[in-house]
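Worksheet: the structure to be examined is printed underneath.
Quick note on labels: first sequence line is chain A, next is B, and so on, each numbered from 1. What you see below is based on every heavy atom in this structure, not just the backbone, and it leaves out hydrogens, waters and symmetry mates.
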Number of protein chains: 2
Amino acid sequence: MARVTQEHLDARRRQILDGAALCFARNGFHATSMQDVLKEVDLSAGAVYRYFSGKDELISAIVTEVLGEIREHFEAAARQSPPPPPDELVGRVMGSVLGGRSGMVHNGESVFPRLIIQVWTEVLRNEELSAVIHEGYSSVRGAWVKVVQGYQDAGMMRDDVPAESVARTMIATAQGFVAQMAIFGAAPVEVLQEGLRGLMSMGNPDTRT
Amino acid sequence: MARVTQEHLDARRRQILDGAALCFARNGFHATSMQDVLKEVDLSAGAVYRYFSGKDELISAIVTEVLGEIREHFEAAARQSPPPPPDELVGRVMGSVLGGRSGMVHNGESVFPRLIIQVWTEVLRNEELSAVIHEGYSSVRGAWVKVVQGYQDAGMMRDDVPAESVARTMIATAQGFVAQMAIFGAAPVEVLQEGLRGLMSMGNPDTRT
DNA sequence: TCAAAAAGAAGGATCGTTCGTTTTAGGTTC
DNA sequence: GAACCTAAAACGAACGATCCTTCTTTTTGA
């Protein structure tokens, strides 16, 4: 295929990214060989190396894309007006994160949770990717802090706890639920929402600061 | 050193496990070479292969040990009497999990959070280890469900949400906080506790089921 | 027809592991 | 108690396998 259209080139690149992401979600970045990826995308080495300079660039492209998607979903949820309560906020994020790559399924399970925890381990050993997730997280946290301050200003939440701590905790809830889905299999987002509503119903814990 | 004492053999095995765990926390299981481990523990290949039949067995031993420790910390916290509120419960788990391996530090950061998320990725590609984490999680969840039912029976929490959902959400909070510490660095456990107290103070969210 | 896309065999490097050798701790002998 | 002996612990060079990547050749589409 010579002198192909730009759409064809883009489609090839996406085909490689998707196939590689599937492999990486299954086996991790470094237990997956290039041969595994080549077999998955049904292309030769020469073809893949035309689109990516090497395995590292392929990994970086996937990690960056995943982090970008997640950041967007978190920030979109925080832009809701009026700011929804925590259970709805977290539920919306989880729904859009899991629904975003709805096509990517393996053994009946969404690939995304598995891919996300692989990404977490990869940012630990790559300064460039570490910077990406730091910046994204910082931005998301800022947006969610504002939502929490909205709760406090409206008298919906005690205001003697730092808004940042609450924002971090809500984000942690979503992250932990993703980890559970990756390890133990898919679960309805309602589980997480019910859990948050249960916690929210406990009332101001007396005089303990 | 021939005919050495059993204590020496045990110490050697532990030395290898700790050194390998440090390497794996830094770089992941499959981006860490045996040469890396040998250099870290300052032993030869022949020595290490006397204690472990191969890299896979070394990984399995570390993963199993980590999962066992975590399970014990979660179950010990649930055995508290009377059952503490969620913020104290989660705070106690985080404290003991992070304090347990207090000796293992790298660049001023506790190694354990990094090691834990590496473990999560490894159970995805090893059926044996998957069974271990499934069993441990099932047991922990059962213990925490009872605590939540205690909240509900005492009228501290609305009882129209499944206790299992709340238990899962509390566990997810701890898991997510571990992920945050691994990726973004250590943070006081108080952050997570404050966050939970903030959520708990929001009161019964009206008529939304 | 030809430039570009894809193919796929092969190279160089690194991996996990083995195995023949050396060193050592602790029991034995005088 | 000092010298010796021996089984085992540790060593480390080397092997085959596998990995990522390159590069020449073939195929393809405009």
Side-chain angles (χ1 to χ4, degrees), chain A residues 1-63 118 121-122 125-126 128-129, chain B residues 1-63 118 121-122 125-126 128-129:
Chain A
M1 310 161 191
R3 287 173 180 158
V4 296
T5 63
Q6 184 63 36
E7 294 89 58
H8 178 264
L9 293 176
D10 294 345
R12 260 292 133 84
R13 186 183 160 89
R14 176 115 306 273
Q15 169 190 2
I16 296 170
L17 285 171
D18 288 347
L22 183 59
C23 291
F24 292 150
R26 271 199 293 253
N27 241 359
F29 292 111
H30 303 285
T32 298
S33 70
M34 276 295 165
Q35 304 274 349
D36 293 335
V37 174
L38 299 182
K39 186 171 295 180
E40 180 65 40
V41 303
D42 202 45
L43 286 175
S44 68
V48 169
Y49 275 79
R50 176 167 298 280
Y51 294 86
F52 297 94
S53 69
K55 191 182 183 181
D56 285 343
E57 189 176 303
L58 187 52
I59 293 175
S60 289
I62 290 174
V63 170
Q118 302 289 354
T121 65
E122 191 61 19
R125 34 172 276 119
N126 185 320
E128 202 176 338
L129 298 178
Chain B
M1 314 161 191
R3 288 177 181 155
V4 296
T5 64
Q6 184 64 37
E7 295 90 59
H8 177 265
L9 293 174
D10 294 344
R12 256 298 130 80
R13 186 183 159 91
R14 176 115 306 274
Q15 168 191 2
I16 295 170
L17 285 171
D18 288 346
L22 183 59
C23 291
F24 293 149
R26 271 199 293 255
N27 239 2
F29 292 110
H30 303 287
T32 299
S33 71
M34 275 295 162
Q35 304 273 349
D36 293 335
V37 174
L38 300 182
K39 186 171 295 181
E40 179 66 39
V41 304
D42 202 44
L43 285 175
S44 67
V48 169
Y49 275 80
R50 178 167 295 281
Y51 294 86
F52 298 94
S53 70
K55 190 182 184 182
D56 285 343
E57 189 178 303
L58 188 52
I59 293 174
S60 290
I62 290 175
V63 170
Q118 303 289 356
T121 65
E122 191 61 19
R125 36 172 274 116
N126 185 320
E128 202 176 336
L129 298 178

Exercise for review: Among the candidates D/dA10, C/dA5, C/dA7, find the nucleotide nearest to the side-chain atoms of B/S44.
Suggested key: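 Nearest to the side-chain atoms of B/S44, counting from C-beta on, is D/dA10.
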Check your understanding: To the side chain of B/V4, which of C/dA6, D/dA9, C/dA5 is closest?
Key ->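 Side chain of B/V4 sits closest to D/dA9.
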Check your understanding: Does A/D18 pair with A/R14 as a salt bridge, N-O distance under 4.0 Å?
Key ->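 Yes, charged N to carboxylate O under 4.0 Å.
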Point to revise | Short side-chain donor-acceptor distance under 3.5 Å, A/H30 and A/R125 | key: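 Indeed, the side chains of A/R125 and A/H30 share at least one donor-acceptor pair under 3.5 Å.
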Check your understanding: Going by distance alone, is a donor N or O of one side chain under 3.5 Å from an acceptor N or O of the other, for B/N126 and B/E122?
Key ->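 Per modelled atom types, B/N126 and B/E122 side chains form no pair under 3.5 Å.
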Check your understanding: So what does A/Y51 touch, heavy atoms closer than 4.0 Å: a base, only the sugar-phosphate, or nothing?
Key ->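 If one applies the 4.0 Å heavy-atom cut-off, A/Y51 turns out to touch the sugar-phosphate alone, with no base involved.
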Review point. Is there a donor-acceptor contact under 3.5 Å from the side chain of B/K55 to the main chain of B/F29?
Key: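 Looks like yes, one N/O pair under 3.5 Å.
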Practice item. Could you state the atom-to-atom distance from CG of A/L38 to C1' of C/dA9 in whole Å? Key: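 Interatomic distance, CG of A/L38 to C1' of C/dA9: 13 Å.
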Check your understanding: When the distance from CZ of A/R12 to P of C/dA4 is rounded to whole Å, what number comes out?
Key ->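 A/R12 atom CZ is separated from C/dA4 atom P by 17 Å.
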**Study point:** Nearest non-hydrogen partners of B/G19 and B/V41, listed with the distance
**Key:**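 What the structure gives for the nearest pair is CA-CG1, 3.7 Å.
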Check your understanding: If you take all heavy atoms of A/E57 and A/F52, which pair is closest and at what distance?
Key ->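 Answer, listing the atom of A/E57 first, then A/F52: OE2-CA, 3.8 Å.
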Exercise for review: If a protein heavy atom is under 4.0 Å from the base, mark B; if only from the sugar-phosphate, S; if neither, -; do that for nucleotides 13-20 of chain D going 5' to 3'.
Suggested key: ------SS
Practice item. Report yes if at least one side-chain N or O of A/R50 is closer than 4.0 Å to OP1 or OP2 of C/dA7; otherwise report no. Key: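 No, A/R50 has no side-chain N/O under 4.0 Å of OP1/OP2 on C/dA7.
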